[in-house]
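This report concerns only the one structure given below.
Since this is a predicted model, take the numbers as computed values, not measurements. All values below come from the heavy atoms of this structure, side chains included, with hydrogens, waters and symmetry mates left out. First the proteins, then the strands, lettered A, B, ... as listed; each starts at 1.
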Protein chains: 2
Amino acid sequence: METRIDRIKKQLHAASYKLTPQREATVRILLDHEEDHLSAEDVYLLVKDIAPEIGLATVYRTLELLTELKIVDKINFGDGVSRYDLRQEGAAHFHHHLVCLECGAVDEIQEDLLEDVEADVEKRWNFQIKDHRLTFHGICWRCNDLGADKPEKDA
Amino acid sequence: METRIDRIKKQLHAASYKLTPQREATVRILLDHEEDHLSAEDVYLLVKDIAPEIGLATVYRTLELLTELKIVDKINFGDGVSRYDLRQEGAAHFHHHLVCLECGAVDEIQEDLLEDVEADVEKRWNFQIKDHRLTFHGICWRCNDLGADKPEKDA
DNA sequence: TACCAGTTAAGAATGATTCTAAATAATAAG
DNA sequence: CTTATTATTTAGAATCATTCTTAACTGGTA
């Protein structure tokens, strides 16, 4: 079976870039932390464990390259740091986020949800949508004491 | 008639802050540029014209204060600068933005559009929504040569 | 071997934002 | 009206994330 890394390697080659050891190490870290929303600094510290000779600037350049190729998404929750997420394979659009104002947790919504809204906007504002960013700020299920359990698995 | 400034003054007083001359000058600039999406630096340069002795740090502090009081919204389009928008009076939620990938123009959508989506998210993810951020990236009506005219006025 | 384009590390440079210290203005008490 | 107290301000230093610069290194190739 073709691994995720192999497919990323092909994507790089298709754009005539190489999967250098530094880039591979960076991608591996991203794969190992798919659930998190790592900052460039976070990635750097983690990559150093498996490739100690790497430089911070290289991590930045790699993340920028992966963003250009739509392999990762660069997100900004307004806290002054850019965060990087592996994009779901085959996803046309950026996924959404739920940011908890209490505990700071960031959960993801993989579903689109915006199909109707987008059609409406394209028509009425004559705007050709290429991508979107949607973030909800509020209180997550963990902080909402009302005896609720984790809901995403039920959805 | 009570002016917008008066009402903002009351909001400040209600939170036991004062409308100092520097704060008033800053608010006036924001009122005069409601259509734009000014960065802190932009605001600073404009405020200096009417209150030359103001410091950049004061502008930052003022904008931060106004953000806390929900008088302005702090936005981040991912270009490394925070921008500030006067919130529509009475608006419960943040308004949305259309960012053009061609010309960089930023248009606003004042309508909510997300009522149905929010109800769905609150129920299924057990997440109590306080606010949202929605930005569409694409090609605006100006850059879309297909002979279209400004659509927002028709909406 | 010598060359060439792509890639890298290290650290300097930049740019936005926040912090610090001292000065100033407003407020309250006597 | 003074004096003490507190909030607010300025200017510039400090910080933090990010990008740039330079020189070194790599792999492929004539």
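- Cluster note: I75(B) groups with F77(B), F94(B), V99(B), V106(B) through ILVMFWY side-chain heavy atoms spaced under 4.5 Å, whether in direct contact or through intervening members.
- Atom C1' of nucleotide dT18(D) and atom CG of N76(A) are separated by 12 Å, given to the nearest angstrom.
- Between L63(B) atom CG and dT8(D) atom P the separation is 16 Å, expressed in whole Å.
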- Query: How does each nucleotide of nucleotides 11-19 of chain C score, in 5' to 3' order, for protein heavy atoms under 4.0 Å: base (B), sugar-phosphate only (S), or none (-)?
  - Reply: B----SBBB
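- Between the E122(A) side chain and the I129(A) main chain, a donor and an acceptor come within less than 3.5 Å of each other.
- Residues of residues 17-29 of chain A having a heavy atom closer than 4.0 Å to DNA chain C, listed by number: Y17(A), K18(A), T20(A), Q22(A), R23(A).
- Nucleotide dA17(D) holds its P atom 17 Å from the CD1 atom of I75(A), rounded to whole Å.
- In this pair, F136(A) and H132(B) present their aromatic rings perpendicular. The plane angle is above 60°, beyond the 30 to 60° band.
- For the pair D42(A) CG and dC16(D) C1', the computed distance is 14 Å after rounding to whole Å.
- Per the geometry, NE2 belonging to H13(B) stands 13 Å off C1' belonging to dT27(C), to the nearest Å.
- In this entry the distance linking CD1 of I54(A) with C1' of dC25(D) reads 15 Å, nearest Å.
- Rounded to the nearest 0.5 angstrom, I8(A) CD1 and L69(A) CG are separated by 10.0 Å.
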- Message: Before you tell me yes or no, could you show the steps for D112(B) and H95(B) under side chain to side chain donor-acceptor pair (under 3.5 Å), namely the whole-Å CA-CA distance, both residues' side-chain angles and the distance that decides it to 0.1 Å?
- Response: CA-CA 7 Å; D112(B) 193 328; H95(B) 55 262; over 6 Å; no
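- One finds no salt bridge joining K74(A) and E68(A) here, because no Lys/Arg side-chain nitrogen approaches an Asp/Glu carboxylate oxygen to under 4.0 Å.
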- Would you check, one step at a time, whether the test salt bridge (charged side-chain N to carboxylate O under 4.0 Å, His left out) holds for E118(B) with K123(B)? CA-CA 8 Å; E118(B) 291 199 350; K123(B) 186 153 34 120; over 6 Å; no
- Message: Determine whether Q110(A) and E108(A) satisfy the following criterion, side chain to side chain donor-acceptor pair (under 3.5 Å), listing intermediate values before the conclusion.
- Response: CA-CA 6 Å; Q110(A) 296 295 344; E108(A) 299 191 353; 2.7 Å; yes
